[in-house]
Amino acid sequence: MIIVVAHWAEHLVQAVQVYAWGWPLAEARGVLGMPFPWLVTSEWMHYGYALLMLIGLVLLRKGFTGSSRTWWNISLGIQVWHHMEHLLLLLQKLSGLYLMGRPVPTSVLQLIWPRMELHLFYNAIVFAPMVVAMLLHRRAGSHAGATCTCAVAH
């Protein structure tokens, strides 16, 4: 969860750098991207994060039941798509063949939305149902079939 929140914070800082501070997009690199600018342009790093997130959602899925499982599945489904977008970006970077003749690797939804805003959106729509799932999971009485003991009694 620390990695998820840190990644989310990176995207938020980048958005603040662009929209609140007026930085050009090329200079708005989040927190870690300032000392390590290659992180922002590394398709391997972005793909690796998307893959780890997908694996984590799959591995933790069995711990959720009932409505918390439904919300977790929503997050997982969105992350499957997000992962596929990053795989497409990575394959373009490796091959040098870019979607629809674009000058840079481009994801499907990036044809509609700019990349920074799109990834901020992706992180929000993957993160929000994860949080709902975890809150529902911790609720007392919602652990039918679960093997954990993390419910909070009311």
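Sequential numbering from 1 along the given sequence is applied to the chain's residues.
- For Tyr122, the side-chain hydrogen bond (donor to acceptor under 3.5 Å, both in side chains) criterion is met by Trp81, Glu85, not counting sequence neighbours.
- Counting only residues at least two apart or on different chains, the salt bridge (Lys or Arg N to Asp or Glu O under 4.0 Å) pairs with a member in residues 39-58 are Glu43-Arg115.
- Rounded to the nearest 0.5 Å, atoms CG (Asn73) and OG (Ser68) are 9.5 Å apart.
- Without hydrogens or angle criteria, Trp8 side chain to Asn123 main chain gives no donor-acceptor distance under 3.5 Å.
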Which pairs would a plain distance check flag for residues 129-136, meaning a side-chain donor or acceptor within less than 3.5 Å of a matching protein atom at least two apart in sequence or in another chain?
none

Which side-chain N or O atoms in residues 90-100 pair as donor and acceptor under 3.5 Å with protein atoms at least two apart or in another chain?
| from | atom 1 | to | atom 2 | distance (Å) |
| --- | --- | --- | --- | --- |
| Gln92 | OE1 | Leu99 | N | 2.8 |
| Gln92 | OE1 | Thr106 | N | 3.1 |
| Gln92 | NE2 | Leu88 | O | 3.2 |
| Gln92 | NE2 | Thr106 | O | 2.7 |
| Ser95 | OG | Leu91 | O | 2.9 |
| Ser95 | OG | Gln92 | O | 3.4 |
| Ser95 | OG | Leu97 | N | 3.1 |

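- Atom-to-atom distance recorded for His137:NE2 and Leu60:CG is 9.5 Å, nearest 0.5 angstrom.
- For Arg102, there are no salt bridge (charged side-chain N to carboxylate O under 4.0 Å, His left out) partners two or more places apart in sequence or in a different chain.
- Hydrophobic clustering (side-chain heavy atoms under 4.5 Å, transitive across Ile, Leu, Val, Met, Phe, Trp, Tyr) keeps Met34 apart from Leu25.
- When side chains are defined from C-beta on, Leu89 does not count as touching His46, because their heavy atoms never get closer than 4.5 Å.
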- request: For side-chain contact (heavy atoms from CB on, under 4.5 Å), just list the numbers for Val126 and Leu76, CA-CA rounded to whole Å, side-chain angles, deciding distance to a tenth of an Å, and then say yes or no.
  value: CA-CA 7 Å; Val126 170; Leu76 175 59; over 6 Å; no
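- No donor-acceptor pair closer than 3.5 Å links the side chain of Ser75 to the backbone N or O of Trp72.
- Partners of His7 under the ring-ring contact (aromatic ring centres under 6.0 Å, His included) rule, at least two apart in sequence or in another chain, are His11, Tyr49.
- Evaluation of the side-chain hydrogen bond (donor to acceptor under 3.5 Å, both in side chains) rule for His119 yields His86 as partners, not counting sequence neighbours.
- Rounding to the nearest 0.5 Å places CD1 of Ile78 at 12.5 Å from CG of Leu54.
- Connectivity analysis of hydrophobic side chains (ILVMFWY, heavy atoms under 4.5 Å, direct or indirect) links Met45 to Leu32, Phe36, Trp38, Leu39.
- Residue pairs that meet the side-chain hydrogen bond (donor to acceptor under 3.5 Å, both in side chains) test with at least one member in residues 12-28, sequence neighbours left out, are Tyr19-Glu117.
- When the side chains of ILVMFWY residues are joined at heavy-atom separations under 4.5 Å, either directly or via intervening members, Trp113 and Val18 end up in two distinct hydrophobic clusters.
- In the hydrophobic clustering of this structure, Ile112 does not group with Met116; members are Ile, Leu, Val, Met, Phe, Trp, Tyr whose side-chain heavy atoms approach within less than 4.5 Å, directly or through other members.
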Using the rule given for side-chain contact (heavy atoms from CB on, under 4.5 Å), can you reason through Met84 versus Leu87, listing the C-alpha separation, both sets of side-chain angles and the distance that settles it, and then say yes or no? CA-CA 5 Å; Met84 295 306 296; Leu87 179 59; 4.2 Å; yes
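- Under the 4.5 Å side-chain contact rule for hydrophobic residues, Val13 and Phe127 do not share a cluster.
- The CG atom of Leu120 sits 11.0 Å away from the CD1 atom of Ile125 when rounded to the nearest 0.5 Å.
- Residues forming a salt bridge (charged side-chain N to carboxylate O under 4.0 Å, His left out) with Glu10 (at least two apart in sequence, or on another chain): none.
- Pairs engaging residues 63-74 under the salt bridge (Lys or Arg N to Asp or Glu O under 4.0 Å) rule: none recorded [sequence neighbours left out].
- A continuous path of hydrophobic side-chain contacts links Ile74 to Phe121 [ILVMFWY only; heavy atoms under 4.5 Å].
- For the pair Val40 and Gly33, the tightest heavy-atom approach, listed with the atom from each and the gap, is CG2-CA, 4.0 Å.
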